[in-house]
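Notes follow the structure.
Residue numbers count from 1 along this sequence. Nothing here was measured: the structure is a model prediction, and the numbers come from that model.
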Amino acid sequence: MRLLRTVAETLAASTQRSAGVAGDDGSEGAYWCDDCGVRVRDVDVDAEGLDRDGEGVPKCPDCGDPMRFERATGSGCAC
């Protein structure tokens, strides 16, 4: 019984440490290049200096193709 309590306390502590940290920066997802596998969080696009196409979609820094936006699910980040 003590082992189960220790495991439960450890899991609760790890959840508490990460709760409220991820996603607090306003991120709603990330842009992906399916061909190159490049991923850039939406809040980092301007900081990364990515070019955009005519519709404002960031272009992949490796191949130059427009990237696909994928919305984050849940309360975590778009990792």
Side-chain angles (χ1 to χ4, degrees):
M1 198 57 120
R2 182 176 174 178
L3 176 63
L4 292 176
R5 186 174 329 141
T6 302
V7 170
E9 289 171 355
T10 302
L11 291 173
S14 69
T15 302
Q16 290 172 354
R17 276 195 304 267
S18 64
V21 174
D24 283 351
D25 58 0
S27 177
E28 294 183 12
Y31 287 93
W32 293 83
C33 179
D34 294 318
D35 292 335
C36 299
V38 173
R39 174 190 166 275
V40 179
R41 294 179 64 224
D42 60 342
V43 294
D44 295 330
V45 168
D46 292 330
E48 296 273 335
L50 299 182
D51 293 331
R52 295 179 184 260
D53 68 8
E55 296 177 6
V57 177
K59 293 181 180 180
C60 176
D62 291 351
C63 70
D65 287 343
M67 299 174 83
R68 173 181 55 88
F69 182 73
E70 186 171 290
R71 202 167 291 285
T73 58
S75 61
C77 69
C79 304

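Using a 4.5 Å cut-off between side-chain heavy atoms of Ile, Leu, Val, Met, Phe, Trp and Tyr, with links allowed through other members, Val45 and Val43 fall into different hydrophobic clusters. Follow the hydrophobic side-chain contacts under 4.5 Å out from Trp32 and you never reach Val38; the two are in separate clusters.
Nearest heavy-atom pair across Ser27 and Asp42 is OG-OD1, 2.8 Å. Closest approach of Met67 to Pro61, counting heavy atoms only: SD-CD, 4.4 Å.
A heavy-atom distance below 4.5 Å is not found between the side chains of Val40 and Pro58.
The stretch residues 60-69 participates, sequence neighbours left out, in these salt bridge (Lys or Arg N to Asp or Glu O under 4.0 Å) pairs: Asp34-Arg68, Arg68-Glu70.
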Please tabulate, one pair per line, all N/O donor-acceptor pairs under 3.5 Å involving side-chain atoms of residues 48-57, not counting sequence neighbours.
from: Arg52; atom 1: NH1; to: Gly56; atom 2: O; distance (Å): 2.7
from: Arg52; atom 1: NH2; to: Asp46; atom 2: OD1; distance (Å): 3.0
from: Asp53; atom 1: OD1; to: Glu55; atom 2: N; distance (Å): 2.9
from: Asp53; atom 1: OD1; to: Gly56; atom 2: N; distance (Å): 3.0
from: Asp53; atom 1: OD1; to: Val57; atom 2: N; distance (Å): 2.8

